[in-house]
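Okay, structure first, notes after.
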Amino acid sequence: MIYENVKKLLSDIPETNPQGEKVTLVAAVKTQTVEAINEAISAGICAIGDNHVQEFREKYDKIEGDPQRHFIGHLQTNKVKYLIGKVDLYHSVDRYNLAEEISKRSAAANITSSVLVQINIGNEETKGGFEPEEAEEAVKYISSLPALKVEGLMAMLPLTDDEGVLKKLALEMREKYDRLKESYPSFCHLSMGMSGDWRLCVECGSNMIRLGTSIFGARHYDNR
Ligand SMILES: *Cc1c(COP(=O)(O)O)cnc(C)c1O
């Protein structure tokens, strides 16, 4: 099924968002087996995103087809050292000390790491990320750190069926992204959209979506 799911998604996802930007599909691979992930890649997935450092490390050398490696989950500062040089894009830079740690470790390794600044667009207590009002200050500070390239913003919309609310928040993210992009030409990714809300997110200007369930089916957390 995974192969068919990916083929169908790749034909369903519009090639570009309303702004004319290419929409990138990142497979959210938490809890998935190496076989499942490799099947998705064989069907055309070009980027995979992990949530857990341990899973990332265990599977790292077993992934075939050389996809881009993204890190999309909450990241503990003391685990950054395991990821340096192996992650093409960190989506979830949600606090200053994490940005500082990625910066410090990247500088020591003589590399530049690409990051997105996570915004808690719904002001939810259960979600990480900078408050929407802090976005500008956060991007400014994180961009000033050595060995980091800030390539845009990431957000997770709240879990609600209220399309009006979702649309308002998604458009607010796109506005923030556009405003910041004027001052930060390195901005090229707005990572927003999961299995339940990706269509709405792309319509509102997302250019990177992270899908798990619609590729792999419902997750079984005992597979890990
Ligand atoms: C799991 C996860 C996704 C994918 O969620 P689905 O609803 O299964 O598509 C996207 N982004 C992040 C950060 C995730 O942890």
Side-chain angles (χ1 to χ4, degrees), residues 1-2 4-10 12-14 23-33 36-37 39-41 43-57 59 63 67-76 79-80 83 87-95 98-99 102 114-130 151-163 166 169-170 173 177 189-204 206-224:
M1 255 337 254
I2 294 169
E4 291 77 8
N5 290 346
V6 171
K7 288 289 183 198
K8 174 142 188 352
L9 279 167
L10 290 175
D12 284 354
I13 296 167
V23 177
T24 301
L25 169 58
V26 179
V29 300
K30 57 178 174 278
T31 77
Q32 306 305 333
T33 62
I37 298 168
E39 183 177 341
I41 293 166
I45 289 292
C46 300
I48 62 174
D50 269 283
N51 282 67
H52 299 281
V53 172
Q54 195 186 334
E55 277 189 60
F56 176 91
R57 296 178 75 198
K59 294 172 195 169
I63 300 296
Q68 276 201 11
R69 308 297 180 100
H70 294 193
F71 200 85
I72 64 175
H74 178 75
L75 179 53
Q76 286 172 262
K79 295 198 173 150
V80 167
L83 299 180
V87 169
D88 296 296
L89 184 63
Y90 297 84
H91 289 231
S92 42
V93 174
D94 57 1
R95 52 198 200 282
L98 175 60
I102 300 173
S114 295
V115 303
L116 305 180
V117 174
Q118 183 174 348
I119 305 299
N120 186 358
I121 190 63
N123 285 99
E124 294 175 277
E125 260 179 39
T126 52
K127 289 212 174 102
F130 294 93
E151 296 193 350
L153 304 178
M154 182 271 219
M156 281 193 263
L157 296 181
L159 264 185
T160 166
D161 291 331
D162 188 332
E163 292 240 333
L166 294 174
L169 294 174
M173 276 303 299
Y177 174 83
H189 304 303
L190 175 56
S191 170
M192 178 171 71
M194 319 202 325
S195 293
D197 59 16
W198 67 264
R199 285 174 198 275
L200 179 144
C201 287
V202 170
E203 278 163 22
C204 293
S206 166
N207 57 30
M208 186 168 266
I209 57 179
R210 310 173 308 269
L211 307 187
T213 310
S214 35
I215 295 175
F216 300 105
R219 276 183 288 278
H220 302 288
Y221 280 91
D222 49 340
N223 284 348
R224 260 192 221 163

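Both ligands and their constituent atoms are indexed starting at 1 by order of listing.
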In the protein, what heavy atom is nearest to [atom], and what distance, to one decimal place, separates them?
atom                    : value
atom 11 (N) of ligand 1 : R210 NE, 2.9 Å
atom 8 (O) of ligand 1  : T213 OG1, 2.5 Å
atom 13 (C) of ligand 1 : I72 O, 3.3 Å
atom 1 (C) of ligand 1  : K30 NZ, 1.2 Å
atom 10 (C) of ligand 1 : M194 SD, 3.3 Å

So does [X] have more than 12 non-hydrogen atoms from other groups sitting under 6.0 Å from [atom1]?
X    : atom1 : result
L10  : CG    : yes
D161 : CG    : no
E124 : CD    : yes

Handout entry: Contact (N/O only, under 3.5 Å) between G212 and ligand 1
Key =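 Yes - when backbone and side-chain N and O of G212 are compared with those of ligand 1, one distance drops under 3.5 Å.
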Problem - S214 N/O under 3.5 Å from ligand 1 N/O - result: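 In this structure, S214 places no N or O atom under 3.5 Å from an N or O of ligand 1.
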Problem - S195 contact mode with ligand 1 (heavy-atom cut-off under 4.0 Å) - result: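 Near ligand 1, S195 shows its backbone as well as its side chain.
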Problem - Within reach of ligand 1, part of N51 (heavy-atom separation under 4.0 Å) - result: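 Only the side chain of N51 comes within reach of ligand 1.
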Practice task
Among L153, L190, L89, find the residue that satisfies the side chain to side chain contact (heavy atoms under 4.5 Å, CB included) test when tested with L116.
Solution key: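 Filter result, single survivor: L89.
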Exercise for the section: Check the angle between the aromatic planes of F71 and F56 and answer parallel, tilted or perpendicular using the 30° and 60° thresholds. Expected result: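 It falls in the perpendicular class, over 60°.
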Handout entry: Per-atom contacts of ligand 1 with A28, taking only distances under 4.0 Å to non-hydrogen atoms
Key =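 Atoms satisfying the 4.0 Å criterion: 3 (C), 4 (C).
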Practice task
Would you mind listing which atoms of ligand 1 come within a distance below 4.0 Å of any non-hydrogen atom of L211?
Solution key: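 Listed by number with element, the hits are 9 (O).
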Practice task
Inspect the contact between K8 and E4 and indicate whether a charged nitrogen and a carboxylate oxygen are less than 4.0 angstrom apart.
Solution key: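 Salt bridge: no.
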Practice task
Mark the output for H91 as yes if a heavy-atom distance to ligand 1 is under 4.0 Å, and as no if none is.
Solution key: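 The answer is no: ligand 1 sits nowhere under 4.0 Å from a heavy atom of H91.
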Handout entry: Polar side-chain atom of D88 near backbone of H70 as donor-acceptor pair, under 3.5 Å
Key =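 Checking the backbone N and O of H70 against the side chain of D88, no donor-acceptor pair under 3.5 Å is found.
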Exercise for the section: Say whether, by atom type as modelled, one donor and one acceptor occur between the side chain of R210 and the main chain of S191 under 3.5 angstrom. Expected result: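 Yes, because the side chain of R210 sits within donor-acceptor range (under 3.5 Å) of the backbone of S191.
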